[in-house]
Every structure is written in structure tokens, then in C-alpha cells.
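Only one structure is covered here, and it is reproduced in the block below.
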2 protein chains.
Amino acid sequence: MNANITMRDIAEKLGISTVTVSKALNGKDGVGEELRVKVKETAAQLGYRLNTIAKSMKEGCSYNIGVVIAERYTGAGHSFYMQFYQQLVQALEEYQYSGLLHVLHADDEASLVLPRIYNERKADGFILLGQLDKAYVHAFLGTGIPVTLLDFYTDQPVDSVVGDNFFGSYEMTNYLIAEGHRDIAFVGNIYSTSSIQDRYLGYCKSLLEHKLPLRPEYVLSDRDELGRFTEITLPVPLPTALVCNCDQVAYNLVVHLQKKGIQVPEQCSVTGFDNDLYSTLCEPKLTTMEVNMREMAETAVTMMIRKIKHNDETAGRVLVKAKPVYRNSVKPQNI
Amino acid sequence: MNANITMRDIAEKLGISTVTVSKALNGKDGVGEELRVKVKETAAQLGYRLNTIAKSMKEGCSYNIGVVIAERYTGAGHSFYMQFYQQLVQALEEYQYSGLLHVLHADDEASLVLPRIYNERKADGFILLGQLDKAYVHAFLGTGIPVTLLDFYTDQPVDSVVGDNFFGSYEMTNYLIAEGHRDIAFVGNIYSTSSIQDRYLGYCKSLLEHKLPLRPEYVLSDRDELGRFTEITLPVPLPTALVCNCDQVAYNLVVHLQKKGIQVPEQCSVTGFDNDLYSTLCEPKLTTMEVNMREMAETAVTMMIRKIKHNDETAGRVLVKAKPVYRNSVKPQNI
DNA sequence: CTGAAAGCGCTTACAG
DNA sequence: CTGAAAGCGCTTACAG
């Protein structure tokens with residue numbers, strides 16, 4: 001088919017200048033309507049494809065957004081962030097942008113090595129997807145390139161988009177209390193990520209509001225500092241409900257409890273968070289909080305594009321509402 | 001930090017030409033060793049970043065590879081291809097290339113609309129990941145751009161990389177027969193994808209070789225033409241073993257059988273294929289065939305880069321070995 | 001409404 | 001070993 005048709009080819013064929021071709025194809029003023037139609041027809045007929053690279057060079061932007069995901073959040077069993085990535089790509093497509101995935105190795109993160117796509121100016125901005133080391137975020141900020149954090153935030157002055165973890169968890173705990181539960185533990189390493197921390201604090205708020213005690217032995221760590229799952233030590237006696245920081249851990253816990261002969265939800269209610277794959281893999285299926293991944297992706301992309309186009313705007317921390325999904329892992333507790 | 005340092009800035013600072021800077025930075029001949037070092041130092045000190053776009057324009061290639069995945073293979077519960085994508089990106093990184101994901105909508109596939117990144121010349125070649133409509137593959141071939149199929153193939157003359165589905169399934173069935181099984185059914189829609197078809201034929205070969213009958217009622221469809229899972233109708237009496245075309249279906253089947261009170265593997269052995277997430281979600285965990293996703297990704301990338309650099313080479317159909325993973329979903333059958 | 005000129009930042013021959 | 005010239009394919013003022 002068409003080897004390398006350029007605007008010049010169209011121009012020559014029509015006996016006009018490339019300037020007019022460019023204007024016609026880009027819908028810009030300064031071309032007669034009749035001529036514009038003719039240009040478009042010729043372009044289609046010749047199989048013309050825009051050379052975005054030439055356009056990019058002239059305009060000084062790549063129409064690409066880098067997306068950085070730590071390697072530890074990828075791989076089998078961790079589909080969450082790759083699915084997020086897919087949503088990002090689809091949101092970027094709306095703006096005619098492309099996503100450039102960078103899988104960040106732990107040693108590069110530790111030694112503050114920025115992605116190759118940064119050093120090669122292949123991206124106009126970066127979305128950092130999933131909690132990264134603060135120093136690494138700082139290194140990015142130092143470059144002056146637009147950065148948006150997605151699904152986490154730090155105390156640094158950066159735009160970020162996160163699910164409403166705090167209120168989501170608060171509502172979930174409220175729900176358990178409304179169902180009659182009083183002995184409610186939280187499952188998650190509260191020093192691990194901002195999301196887990198906020199979910200923990202929402203749980204705390206609910207307990208405080210209902211004058212229930214905050215018991216340290218009711219905070220059950222589920223992973224180490226590096227995010228690797230660890231064995232969960234259950235308190236004795238078992239609480240009547242466990243608020244888990246995510247579906248995957250809730251799923252693991254349900255399986256674990258059932259192996260020990262403890263019935264869920266009859267003897268112990270369990271709630272998740274995320275409404276991902278894991279929430280429907282066990283029986284009973286999990287009552288959980290759905291974070292609207294798509295809306296988060298769209299918000300992050302919109303913010304990023306806006307920053308690039310009008311480079312002064314700062315959106316700050318943006319929360320995306322969570323929505324409860326009621327299934328069968330919670331049973332009313334008779335008081 | 002550095003706003004927009006170009007080679008010209010380095011050249012001016014050193015009182016030399018940009019040509020020399022370019023040669024020095026790219027490790028090309030024609031620069032004194034001493035000067036080369038000085039150029040590199042200055043570049044680092046100024047925070048110079050190569051403008052790949054300018055380089056691309058000059059050289060006429062983007063250093064991007066498009067990866068097309070049909071939307072039906074994405075989303076929750078379908079992490080397989082997104083994981084594949086991640087492997088591709090990491091393999092591309094070795095060659096200083098980037099991946100550009102395109103999620104193909106069903107209507108674009110049907111009406112043969114090529115991806116925007118094709119029309120904008122943003123990619124030097126395309127990897128088609130996961131079975132697509134033959135007409136769509138044909139549309140791509142018509143453009144003359146390098147194309148490699150990954151995890152499927154057609155009867156068209158295209159390069160492709162696939163797992164060794166035929167022999168993998170053949171070996172798995174051999175194993176069941178060696179364990180004493182004689183009544184073995186195959187689960188999968190054999191008209192749906194080349195992979196399923198080949199896995200079916202491997203199963204057939206094993207039966208033929210052992211002089212076991214090929215029974216039509218032992219071919220159990222698991223999905224419709226569009227790849228959506230359907231209810232599986234089990235034959236009565238139940239075979240002693242079920243060879244499933246993938247782990248996800250094997251997983252679904254195990255859960256389904258257990259709900260009906262049928263014990264796996266005591267009353268019925270089940271095998272999977274892929275060794276993905278689903279193979280370890282049920283109890284018993286699945287005996288399955290692992291396709292080496294990483295090797296497949298690396299092979300596809302290497303083939304693609306080679307095609308772009310020396311544009312005549314054709315690798316044809318490349319098979320990547322599969323490897324059995326023995327777990328607990330198969331029990332010897334006493335004859 | 002139309003186009004000649006300049007330039008985005010590189011790299012590739014080619015000349016010295 | 002070093003550099004002046006040309007060009008990749010666009011787009012943006014600016015002039016007519």
C-alpha cells in the first residue's frame with residue numbers, strides 16, 4: 001500500500017502548498033471549504049497518514065504519557081494495576097494520547113534511576129501508579145515534568161487521585177456496627193501504604209463515633225514493609241467481624257478460616273475492599289467497597305492533560321467515591 | 001532543573017559543532033577520545049536528555065511497537081493478556097523500544113478500523129496479542145507494516161509465536177493415560193481459537209496413539225464464538241478425567257463439580273493449561289501445562305526488531321515449549 | 001483565502 | 001579528527 005505519503009505529495013498532486021494541506025487536514029482557518037474537501041479526499045485516496053513524530057518535533061510534545069508501576073505490583077496474582085493501566089490507556093485514547101508503561105525495578109527505585117522514557121523525552125508527563133518510595137517521587141518532582149500520583153499520595157506537593165479510602169472504610173465499619181457487630185478487627189499493615197492507612201483510620205473513626213474501644217490487638221498486619229503477604233495472627237477469642245484492607249487479603253483470610261473449620265459469615269463476618277477479582281472467588285462472596293477504577297483513571301488523565309496544556313494548574317488531592325457492594329460475607333450479629 | 005538542553009547547548013559551551021556532539025554521544029567514530037569524554041561530561045553536567053523525537057524524525061522510525069489486544073480479552077478476570085503485555089514491555093525495554101497498547105473494540109475489529117497509533121505512524125510494527133478476526137489480520141497485512149501474531153496464528157503468511165499447544169496437550173493426555181485413565185473428555189470450544197483447536201488435536205493424537213476411541217460426546221464446549229463462557233454440559237456417566245483447554249475453565253469446572261457433590265480428583269480428574277492464577281485458586285490445585293509467557297514475549301519481540309532492522313527476514317511460525325506442572329487434581333485410575 | 005520562509009533537534013553523507 | 005550543509009515532515013507566524 002502507501003509507502004510514505006506526506007503532505008507534500010498531496011500538495012503537489014493538487015498544485016497547492018503544504019501549508020494549505022496542513023490547515024485543511026487540521027481543521028484550521030484559512031482554507032476555502034471547497035479546497036479543504038478536495039484535500040481531504042486526496043489524502044484519503046492516497047492513503048495519507050499523519051507523521052505524528054514530525055508534528056511532535058515541531059510542537060515540542062510527544063503526545064505520550066509515561067505510566068510507572070513498581071515491579072512488585074505486577075506479575076501473576078497482581079492483576080489490579082495492570083487493569084488500571086488498561087483503563088488509563090483507554091482514557092488517554094480519548095485525548096489522542098498514548099500510554100508508555102514503565103515497570104520500575106526495585107533497585108532503580110532505591111537508587112533513584114528515572115525511566116528511560118524520561119531520559120529520552122518520550123513522554124510529556126508521568127502518572128505514578130501505586131505507592132512508590134517518597135524519595136523516588138521527589139526525584140521525579142525535581143525534574144519539573146508534570147507528575148500525577150494515582151492510587152496513593154504523600155505529604156509532598158503533588159497532584160494525586162485516590163479512592164475515598166477513609167470514608168469507604170468508615171462506611172463499611174458503620175455498616176458492620178449497624179448489623180450488630182461490636183468486636184471488629186482491622187486487617188492490614190497500617191505502615192505499608194497510604195491507602196491502607198486511610199482505610200484503617202476510617203475504621204477508627206467509625207469505632208470512635210460509636211464509642212467502641214480502639215484495641216491495638218485488633219490491628220492485624222497482613223504484609224511486610226515490602227508488600228509481601230505474611231501470615232496473619234488471629235486474636236483469641238476471634239472478633240465477630242474482620243475489616244480487611246483489600247479483597248485479596250479478605251479472600252485469603254476466608255479460605256484460611258474455613259480450613260480451620262471456622263464458618264464465614266456464621267462465626268465470623270469478613271469484608272473486603274476494591275471489588276476486584278478476589279471478591280467473587282470464595283464462597284461466601286465478599287461484601288466489599290468498590291473503588292471506581294475507571295473514574296480514577298479518567299480523572300488522573302484529565303488532570304494530566306490539563307496540566308500539560310495549561311501548565312500552571314494544580315488540582316491537588318482528588319478523591320473518587322467508593323461504593324458498597326453487599327454480598328454474603330457479613331451476617332447480622334445478635335447483641 | 002534543566003529546561004531544554006540540546007546538543008547545540010553542549011556544542012556552544014565547548015566551542016565545537018553539534019555534529020561532533022552527536023558523534024561523541026552516540027559512540028560513533030570520528031571524535032577524539034579526549035573530546036568525547038569532555039562532551040559526555042558536559043552533557044551530564046547540563047542534564048542533557050536526548051530528544052528521541054528529533055532522532056526518530058531523522059531516522060524515520062519511532063522506536064515504538066504497537067500491541068493490539070481485543071477488548072474481550074481484557075478486564076476483570078482476564079489478567080492473562082495484560083500480564084503478557086507487561087512481559088512484552090519488559091522485553092522491548094532491552095532493545096530501547098517502548099510498547100504502545102491498543103485495546104481493540106469489537107466494532108473496530110469487525111469494520112476493520114486500524115488503530116489510531118497506526119494512522120499516526122506512532123509504531124514501527126505491531127504485535128497482535130490473542131486471536132483476532134482473520135479479516136482484521138488481513139487488513140494489517142495489507143498495510144505492509146511488520147506484524148507478528150502472538151499466542152495465535154492463522155493460515156495467512158504471517159510471523160507468529162505460539163506455545164506448543166499441540167504437544168503440550170498431547171503430553172498431558174499421555175500422562176492421564178499413563179495414570180490409568182481411559183474415559184477422557186476434552187473441554188473447550190474447538191472452533192473458537194487456534195490454541196484451543198491445537199490443544200484438542202494434541203488430545204486426539206494421544207487417544208489415537210493409544211487406540212482409544214474419539215468420542216464426539218466427549219468434546220465439551222465451554223464458550224461461544226465470541227469467547228464468552230457458557231454452561232458446560234457434562235456427559236453421563238462422567239468420564240474419569242477432563243482435559244480442559246485452560247486453567248480458568250478447569251477452575252470453573254472444579255468448583256462446579258464440587259458444588260454438585262462430585263469429588264475432584266477422587267471421582268473425576270481435571271487438568272488445566274497455562275499455569276496461570278486460576279490453577280492455584282481451587283482445592284485441589286490444578287495439574288497443568290505451563291506456557292512460558294516470558295520466553296514467548298521475548299521471542300516475539302526479537303523477531304519483530306529483527307524484521308524492522310533487516311526488513312526482509314521472515315521467521316514463520318515459532319513454537320515455545322510447554323512444561324507440565326504436577327499438582328493434585330489428577331488421581332491414578334485403577335483399571 | 002493562499003503560500004514563502006523559518007525552524008523544531010537531530011543525523012547523515014561529504015568535504016576539509 | 002572536525003564541521004558546514006542538507007534534510008526528515010510538519011506547523012507557526014507573517015506577508016500578500
Side-chain angles (χ1 to χ4, degrees), chain A residues 2-40 42-43 46-64 96 118-124 308-309, chain B residues 2-40 42-43 46-64 96 117-124 309:
Chain A
N2 49 81
N4 248 338
I5 306 299
T6 67
M7 286 191 180
R8 186 203 296 255
D9 295 314
I10 300 175
E12 277 175 5
K13 176 142 188 184
L14 256 35
I16 57 175
S17 78
T18 61
V19 176
T20 303
V21 174
S22 172
K23 284 179 191 159
L25 256 27
N26 287 304
K28 297 242 162 113
D29 281 348
V31 202
E33 206 40 52
E34 210 174 323
L35 184 52
R36 184 188 301 271
V37 170
K38 216 151 62 176
V39 168
K40 288 192 174 175
T42 311
L46 258 39
Y48 171 75
R49 291 186 292 154
L50 170 70
N51 188 321
T52 319
I53 287 174
K55 181 188 163 109
S56 286
M57 160 122 86
K58 179 65 185 150
E59 300 186 342
C61 56
S62 65
Y63 297 100
N64 292 143
Q96 322 264 72
Y118 168 76
N119 287 305
E120 295 186 350
R121 297 175 189 261
K122 281 187 97 167
D124 304 333
I308 289 170
K309 300 241 158 123
Chain B
N2 50 80
N4 248 340
I5 307 298
T6 68
M7 286 192 179
R8 186 203 295 255
D9 295 314
I10 300 174
E12 277 176 4
K13 176 142 188 183
L14 255 34
I16 56 174
S17 78
T18 60
V19 177
T20 303
V21 174
S22 172
K23 285 178 190 158
L25 257 24
N26 287 304
K28 299 243 161 115
D29 281 348
V31 201
E33 206 40 54
E34 210 175 323
L35 184 51
R36 184 189 300 272
V37 170
K38 217 152 60 177
V39 168
K40 288 192 173 174
T42 311
L46 258 38
Y48 172 75
R49 291 184 292 154
L50 171 69
N51 188 321
T52 319
I53 288 175
K55 181 189 164 107
S56 287
M57 161 120 88
K58 180 66 184 144
E59 300 186 345
C61 56
S62 65
Y63 296 99
N64 292 142
Q96 324 263 75
I117 44 177
Y118 168 75
N119 287 306
E120 296 186 350
R121 298 176 187 260
K122 282 188 97 168
D124 304 333
K309 300 241 158 120

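The structure presented is a predicted model; accordingly, all values stated were derived computationally and were not measured. Because only heavy atoms are used, hydrogens play no part in the values below, and waters and symmetry mates are left out as well, while side chains stay in. The chains referred to below are lettered A, B, ... by the order of the sequence lines, with proteins before strands, and numbering in each begins at 1.
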| message | In whole Å, I'd like the distance from the CG atom of B:Asn26 to the C1' atom of C:dC10. | response | 9 Å
| field | Among C:dC10, D:dC10, C:dA4, the nucleotide that comes nearest once only the side chain of A:Ser17 is considered | value | C:dA4
| message | Would you say that B:Glu59 contacts A:Ile53 through its side chain, given a criterion of any heavy-atom pair below 4.5 Å between the two side chains? | response | no
| request: For B:Arg49 and C:dC8, give me the distance from atom CZ to atom P, rounded to whole Å. | output: 17 Å
| task | Using the side chain to side chain contact (heavy atoms under 4.5 Å, CB included) rule, take B:Leu25 and B:Leu50 through it: C-alpha gap first, then chi angles, then the decisive distance, then the call. | result | CA-CA 9 Å; B:Leu25 257 24; B:Leu50 171 69; over 6 Å; no
| query | For B:Thr20 and D:dG3, is the shortest distance between a side-chain N/O and OP1 or OP2 below 4.0 Å? | reply | yes
| field | B:Lys55 side chain, from C-beta outward: closest of C:dT11, D:dT12, D:dC8 | value | C:dT11
| note | Residues B:Ile5 and B:Asp9: closest non-hydrogen pair is CA-OD2, 3.3 Å
| So what does B:Gly32 hit on the nucleic acid, given a heavy-atom distance under 4.0 Å: a base, only sugar-phosphate, or nothing? | sugar-phosphate
| message | By nearest atom, which of the nucleotides C:dG7, C:dG3, C:dT11 is closest to the A:Lys58 side chain? | response | C:dG7
| field | Sugar-phosphate, base or nothing in reach of B:Lys28, heavy atoms under 4.0 Å | value | sugar-phosphate
| said: Is any side-chain heavy atom of A:Ile10 closer than 4.5 Å to one of A:Val39? | reply: yes
| said: Considering every strand and a 4.0 Å limit on heavy-atom distances, what is the contact class for B:Ile53: base, sugar-phosphate, or nothing? | reply: nothing
| query | So what does B:Asp29 hit on the nucleic acid, given a heavy-atom distance under 4.0 Å: a base, only sugar-phosphate, or nothing? | reply | nothing
| Rounded interatomic separation in angstrom, taking CD from B:Glu12 and C1' from C:dC10 | 15 Å
| field | Selection from D:dC8, C:dC10, C:dT12 that lies nearest to any side-chain heavy atom of B:Thr6 | value | C:dC10
| query | If you look at every strand shown and take non-hydrogen atoms under 4.0 Å, does B:Met7 touch a base, only sugar-phosphate, or nothing? | reply | sugar-phosphate
| Flag side-chain contact, heavy atom, 4.5 Å: B:Glu120 against A:Tyr63 | no
| note | note: B:Glu120, atom CD; D:dG9, atom P; distance rounded to Å ~ 17 Å
| note | Closest to the 5' end of DNA chain D, once B:Gly30 and B:Ala54 are matched to their nearest nucleotides, is B:Gly30
| What integer distance in Å separates B:Asn119:CG from D:dC10:P? | 14 Å
| query | Does OP1 or OP2 of C:dG9 have a side-chain N or O of B:Tyr48 closer than 4.0 Å? | reply | no
| note | A:Met57 has its side chain closest, among D:dG9, C:dG3, C:dT12, to D:dG9
| query | For C:dT11, does either OP1 or OP2 sit under 4.0 Å from a side-chain N or O belonging to B:Ser22? | reply | yes
| query | Just how far, in rounded Å, is P of D:dC1 from CG of B:Leu14? | reply | 17 Å
| query | Is there side-chain contact between B:Asn51 and B:Met57, with heavy atoms separated by less than 4.5 Å? | reply | no
| Which of the following nucleotides, D:dA4, C:dG9, D:dT11, is nearest to the side chain of A:Leu50? | D:dT11
| Whole angstrom value for the distance that separates C1' of C:dG9 from CD of A:Glu59 | 15 Å
| note | Mate of D:dC1 across any strand shown (Watson-Crick or G-U wobble, both atom pairs under 3.5 Å) is C:dG16
| field | Integer-rounded Å distance: C:dC10 P and B:Arg8 CZ | value | 10 Å
| message | Closest approach to the side chain of A:Asn51, judged atom by atom: which nucleotide of D:dC10, C:dT11, C:dT2 is it? | response | D:dC10
